[in-house]
Amino acid sequence: MNLIHTSTYRLRSYEVDFEDRAFLTALCNMLQDAASMHAAELGFGYGDLHRLGRAWVLSRAFIHMDALPGFGTDVEVETWPSGNQKTVATRDFLLKNGDVIGRGTSAWAVIDIEDRKAVSPESLIADRDIPQVPRALEFESRAVKRIRDGEHATTVRARYGDHDINGHVNSMRSVEYCLEAVPESWRRERICVGGDVQFRAECFAGDELRSLASPQEDGTMLHTLIRQSDQRETARMKTWWEPR
């Protein structure tokens, strides 16, 4: 049983922007896929939990890239369980193209499929499943800062095709919804190299969501996603940008 798992992915033409640099969400999808495969190898994957009436749900994810690879590039994702807390289990990632080009960490909750309530992951992951290696990345704060209003805003509607295997909108679709509020003028001058997203509530097909974005003095941007029907915040995010 390998406590550190490695998968290799090749970037497709639809996963890069007009300057041939990977979208952050495309890289995050690689991390999710590698995490899913490794969890299955270790005996606590989707099928294992489903038989118990439970499911993994991504609670928070943080990725920061030193370099963004382009079309046709092979990206090696190295991942391992990095911690086990009372309410979430953490998993870390290294992204490589020869050298390390990015780092990530994530927090995963376990929910009961029937009542959608969280249950402790401690019974699923033992200390023996966590390798004694340095963390790839640490969350910079206990929570992503919330904004009450945004300088930029747009409305998006979740689609049935945005659902994942757990029957709700896929987490990376919510990230894309958050990024929809970023103005074109900002995107022309900057490229997103990092994101820390915290998921607050499930979304489903048909939900109308208000996406707000607020640029910060340090060049980062704060985002929030609000469901219009009940004004509930479903996600909040901080993104890092560099000049093109």
Side-chain angles (χ1 to χ4, degrees), residues 3-38 58-83 90-108 130-145 171-172 174-176 178-179 182 186-199 213-223 235-244:
L3 297 183
I4 300 178
H5 170 90
T6 301
S7 291
T8 301
Y9 302 88
R10 180 160 295 178
L11 275 164
R12 312 299 180 182
S13 60
Y14 51 82
E15 296 176 317
V16 300
D17 69 4
F18 65 91
E19 288 188 335
D20 192 23
R21 289 192 280 188
F23 291 119
L24 207 64
T25 49
L27 298 170
C28 289
N29 282 330
M30 296 176 185
L31 305 192
Q32 281 195 297
D33 185 65
S36 177
M37 288 192 290
H38 193 209
L58 184 59
S59 174
R60 188 175 179 182
F62 181 21
I63 180 175
H64 200 281
M65 301 298 297
D66 298 319
L68 291 169
F71 168 52
T73 301
D74 286 336
V75 179
E76 186 179 273
V77 176
E78 195 173 281
T79 183
W80 63 93
S82 57
T90 56
R91 172 175 283 276
D92 284 12
F93 306 88
L94 292 176
L95 297 93
K96 299 179 179 180
N97 178 229
D99 297 324
V100 173
I101 58 173
R103 300 173 181 273
T105 189
S106 56
W108 300 77
I130 302 172
Q132 299 302 304
V133 296
R135 295 290 303 273
L137 192 64
E138 298 272 7
F139 293 115
E140 67 165 15
S141 59
R142 290 186 62 184
V144 178
K145 183 179 178 181
S171 55
M172 287 306 108
S174 289
V175 170
E176 291 173 353
C178 286
L179 292 172
V182 178
W186 180 280
R187 293 179 185 271
R188 283 198 301 267
E189 297 177 356
R190 302 170 181 84
I191 189 165
C192 187
V193 297
D196 183 358
V197 58
Q198 191 170 6
F199 302 99
S214 179
Q216 305 297 294
E217 292 183 358
D218 61 358
T220 62
M221 187 172 287
L222 295 177
H223 311 255
R236 65 179 67 164
M237 183 167 71
K238 178 179 180 179
T239 50
W240 283 257
W241 303 75
E242 290 183 356
R244 287 190 178 275

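This chain uses plain numbering: 1 for the first residue, then up along the sequence. A quick note: this is a predicted structure, and the numbers were derived from the prediction, not measured.
- Each of Gln216, Arg190, His223 was compared with Thr239 under the side-chain hydrogen bond (donor to acceptor under 3.5 Å, both in side chains) criterion, and only His223 meets it.
- Among all heavy-atom pairs drawn from Gly219 and Trp186, the shortest one is O-CZ2, 3.6 Å.
- Pro131 places a side-chain heavy atom less than 4.5 Å from the side chain of Pro81.
- Every residue meeting the ring-ring contact (aromatic ring centres under 6.0 Å, His included) condition with His38, not counting sequence neighbours, appears here in chain and number order: His5.
- Atom CZ of residue Arg187 and atom CZ of residue Arg244 lie 9.0 Å apart, to the nearest 0.5 angstrom.
- Of all non-hydrogen atoms in Leu27 and Leu68, the two that sit nearest each other are CD1-CD2, 3.9 Å.
- Counting heavy atoms from C-beta on, the side chains of Arg21 and Val193 never come closer than 4.5 Å.
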What donor-acceptor contacts under 3.5 angstrom involve side-chain atoms of residues 95-102, with partners at least two apart or in another chain?
{"residue": "Lys96", "atom": "NZ", "partner": "Glu78", "partner atom": "OE1", "Å": "3.1"}
{"residue": "Asn97", "atom": "ND2", "partner": "Asp74", "partner atom": "O", "Å": "3.2"}

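- Here Ser171 contributes atom OG and Asn29 contributes atom CG; the two are 8.0 Å apart, rounded to the nearest 0.5 Å.
- Residues Tyr9 and Asp33 bring a donor and an acceptor atom of their side chains to less than 3.5 Å of each other.
- In this structure, NZ on Lys145 lies 11.5 Å from CD on Glu140, to the nearest 0.5 angstrom.
- Of all heavy-atom pairs between Leu137 and Arg103, the closest is CD2-O, 3.6 Å.
- Side-chain contact check for Leu31 versus Val77: some heavy-atom pair is nearer than 4.5 Å.
- Taking every heavy atom of both residues into account, Ile63 and Cys28 meet most closely at CG2-SG, 3.7 Å.
- Evaluated for a side-chain contact (heavy atoms from CB on, under 4.5 Å) with Trp80, the options Thr6, Ile4, Ile130 yield exactly one hit, Ile4.
- In terms of heavy atoms, Met65 sits closest to Pro69 at CE-CD, 4.3 Å.
- For Phe139, the side chain to side chain contact (heavy atoms under 4.5 Å, CB included) partners two or more places apart in sequence, or in a different chain, are Arg60, Phe62, Thr105, Ala107, Asp196.
- Between Cys178 and Met237, the shortest heavy-atom contact is CB-CE, 3.5 Å.
- Looking only at distances, a side-chain donor or acceptor of Thr90 sits under 3.5 Å from a matching main-chain atom of Gly83.
- Formation of a donor-acceptor pair under 3.5 Å by the Glu15 side chain with backbone atoms of Ala26 is not found in this model.
- Trp241 has its side chain within reach of Cys192: a pair of non-hydrogen atoms, C-beta onward, lies under 4.5 Å apart.
- Panel note: side chain Asp92, backbone Ala136; a donor-acceptor pair is recorded below 3.5 Å.
- Residues Leu11 and Phe23 fail the side-chain proximity criterion, which asks for heavy atoms closer than 4.5 Å.
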